[in-house]
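These notes are about the structure you will find just below.
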Amino acid sequence: MLLPWVSALCYGGTGPYVAVRLREQGETMLTGDEVYYGVGPVPTSFHLAARKGWLEQAFRRCGARLINLGDIPLMQEKHYTHRSPNLIRLGGNFPPFWARAGGADTLLVSMSCLPMRVSMVARSGFNMRRGTRGARLAVPVRPAWPVDFFRLGARLMERGLSSWAGLSDTGFSHVPVEGLCDYSWWEGVTMFLSRPRADFSGTLEAERKALMSGAADIVVFTQGRGLPMLKNGKFKELFAVPGDAPWRFLLTNSFPVVTTVSRDLARRRPELVVLWIKMEILAARWAAANQRDFLETLSGCNGIPPDALKDACRPDMAAYFEPGFSAESLELLRMIRDFLSEEKVIPESFDLDGWVDTSFGEQALNELK
């Protein structure tokens, strides 16, 4: 069933980007445009809109057909490379930076910042009296991928945890842990494209298995992934950055979450970009009032139990569902840019200001008023 506000997104707006309008006979002006999209298993209210079918319905009412990249084998890698003139992509922030630096003509049009706990988990027998020097930290590696975003994410989380805990030098020895290395680059991308009610726990468990087997002493987790392990007494949390900590300590590939679009699509069909952002905003507002439903949706997309997700978030998590730009969130983008530049993933000359376009989000908010 099409919700009234979904229909109104196409027919009730007065802004310049609303291109499909209600004719006197109630007909819909169809254009037949196909829009490809990729969404990663990251904590965002958008997953609720996908699960409910609101996104597809809203685009269909506006004369556009949404196609998940995961359904097209020859296009799945574009979730990372962004090499498509008709693509909207929502997910982790490392790949969009990398794709943009590599020549993908994109715009960053929206972002959301749902702060979530970052934990350093160890086996229960680990003795902190001798410190962390020499302790074996499991670091995920994906050598089949052009850029190892998981390794980079673990390093950034380690940096945030160390800074939060006041450790100038953790002295860890890194133990590479292969997760998706048995798969090709293309197959790896397929595994990480989100679909409603998909279970991704099997693709994210390499580090946990290394800890359980004794191959590693310590693992760094985000999104509440490590919390269920603490219940059986075999593991303990050494350090943690709580969800209500300053955002600079919580940075990782999944915080913040960004929405990027092909510049060509934004030029030809700007109303569809605005519509996408509207759906992010409206789903966020629904999630704020239906938290359990939202947590169950996220659980289905990343395999983390709803209770663990809730424990990983700050108590006022509902205030952080809605996407939007702020001085604080834009500063996070600058910090990600600097980190990726230090890691030689992007050049120091990366033009962040020329990439971020806040006008679509502003238009979405104006039309929703």
Side-chain angles (χ1 to χ4, degrees), residues 39-48 90-94 110-121 140 149-150 152-165 192 194 200-201 203-205 207-208 218-231 235 237-259 280 283-284 287-288 290-324 326 328-329 331-333 335-336 339:
V39 182
V42 291
T44 167
S45 63
F46 173 83
H47 291 293
L48 189 64
L90 184 149
N93 53 70
F94 294 170
S110 181
M111 62 186 297
S112 60
C113 302
L114 178 59
M116 300 189 76
R117 187 181 191 88
V118 178
S119 301
M120 183 174 289
V121 177
F149 301 117
F150 280 82
L152 289 170
R155 292 184 63 173
L156 187 54
M157 284 191 289
E158 179 188 354
R159 177 187 295 187
L161 271 165
S162 300
S163 179
W164 176 260
F192 280 92
S194 285
F200 287 86
S201 60
T203 66
L204 297 171
E205 292 301 289
E207 306 99 291
R208 183 184 66 84
I218 297 173
V219 176
V220 177
F221 290 121
T222 188
Q223 298 186 38
R225 288 176 53 211
L227 297 182
M229 299 176 60
L230 306 178
K231 295 181 179 180
F235 307 97
E237 194 174 55
L238 290 184
F239 305 106
V241 182
D244 57 359
W247 285 2
R248 67 183 182 275
F249 298 107
L250 295 168
L251 281 175
T252 184
N253 182 37
S254 59
F255 181 79
V257 174
V258 301
T259 299
E280 288 191 70
N290 300 271
Q291 187 178 108
R292 188 69 191 184
D293 194 4
F294 172 58
L295 292 174
E296 289 176 353
T297 299
L298 283 189
S299 178
C301 291
N302 58 23
I304 303 169
D307 290 342
L309 286 168
K310 184 176 181 179
D311 290 343
C313 292
R314 50 189 298 158
D316 57 345
M317 61 185 296
Y320 294 86
F321 289 159
E322 189 166 321
S326 66
E328 189 174 14
S329 64
E331 180 60 26
L332 292 182
L333 290 180
M335 295 175 70
I336 293 292
F339 170 74

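Please read these numbers as outputs of a predicted model, since none were measured by experiment.
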For Glu158, the salt bridge (Lys or Arg N to Asp or Glu O under 4.0 Å) test, sequence neighbours excluded, returns none
Contacts of Asn290 meeting side-chain contact (heavy atoms from CB on, under 4.5 Å) (sequence neighbours excluded), chain-then-number -> Trp286, Asp293
Notebook entry, point to check: Passes side-chain contact (heavy atoms from CB on, under 4.5 Å), Leu251 versus Phe339? Steps please.
Noted result: CA-CA 10 Å; Leu251 281 175; Phe339 170 74; over 6 Å; no
For Ser329 and Gly324, the nearest pair of non-hydrogen atoms, with its separation, is OG-O, 3.8 Å
Sequence neighbours excluded, the answer for salt bridge (Lys or Arg N to Asp or Glu O under 4.0 Å) partners of Glu331 is Arg334
Per-pair distances, 0.1 Å, donor-acceptor, side chain in residues 309-317, under 3.5 Å, sequence neighbours excluded:
from	atom 1	to	atom 2	distance (Å)
Arg314	NE	Asp316	OD1	2.6
Arg314	NH1	Tyr320	OH	3.2
Arg314	NH2	Tyr320	OH	3.3

In this structure, CD1 of Ile218 is separated from CG of Leu238 (nearest 0.5 Å) by 5.0 Å
Taken in chain and number order and not counting sequence neighbours, the residues that satisfy ring-ring contact (aromatic ring centres under 6.0 Å, His included) with Phe235 are none
Quiz item: Ser112 side chain to Glu322 main-chain N or O, any donor-acceptor pair under 3.5 Å?
Solution: no
| said: Do Leu332 and Asn93 have side chains that approach each other closer than 4.5 Å (heavy atoms only, starting at C-beta)? | reply: no
In this structure, CG of Leu152 is separated from CZ of Phe150 (nearest 0.5 Å) by 11.0 Å
Value for CG (Leu333) from CE (Met111), rounded to nearest 0.5 Å, stands at 4.0 Å
dist Phe94:CZ -> Phe149:CZ (nearest 0.5 Å) comes out at 9.0 Å
Across all chains, not counting sequence neighbours, the side-chain hydrogen bond (donor to acceptor under 3.5 Å, both in side chains) partners of Ser163 are none
The reported gap from OG1 in Thr44 to CZ in Phe294 (rounded to nearest 0.5 angstrom) is 6.5 Å
- Item | Under 3.5 Å: donor-acceptor pair, side chain of His47, backbone of Val42 | yes
Starting from the C-alpha separation in whole Å, work towards a yes-or-no answer on side-chain contact (heavy atoms from CB on, under 4.5 Å) for Leu298 and Ile304. CA-CA 8 Å; Leu298 283 189; Ile304 303 169; over 6 Å; no
Note: Ile336 and Pro256 closest approach over all heavy atoms is CG1-CD, 4.4 Å
For Ala240, the side-chain contact (heavy atoms from CB on, under 4.5 Å) test, sequence neighbours excluded, returns Arg117, Ser119, Glu237
All heavy atoms of Pro323 vs all of Ala284, minimum pair found to be CD-CB, 4.1 Å
In this structure, CG of Leu250 is separated from CE of Met116 (nearest 0.5 Å) by 10.5 Å
Query raised in the report: Side chains of Pro242 and Trp164: does their closest heavy-atom pair fall under 4.5 Å?
Result: yes
### Pair Phe255-Leu114, side-chain contact (heavy atoms from CB on, under 4.5 Å): steps then yes or no
CA-CA 7 Å; Phe255 181 79; Leu114 178 59; 5.7 Å; no
Contacts satisfying side chain to side chain donor-acceptor pair (under 3.5 Å) that involve residues 247-259 (not counting sequence neighbours) are Gln223-Ser254, Thr259-Glu280
Quick note, salt bridge (Lys or Arg N to Asp or Glu O under 4.0 Å) partners involving residues 295-307, not counting sequence neighbours, are Arg292-Glu296, Arg292-Asp307
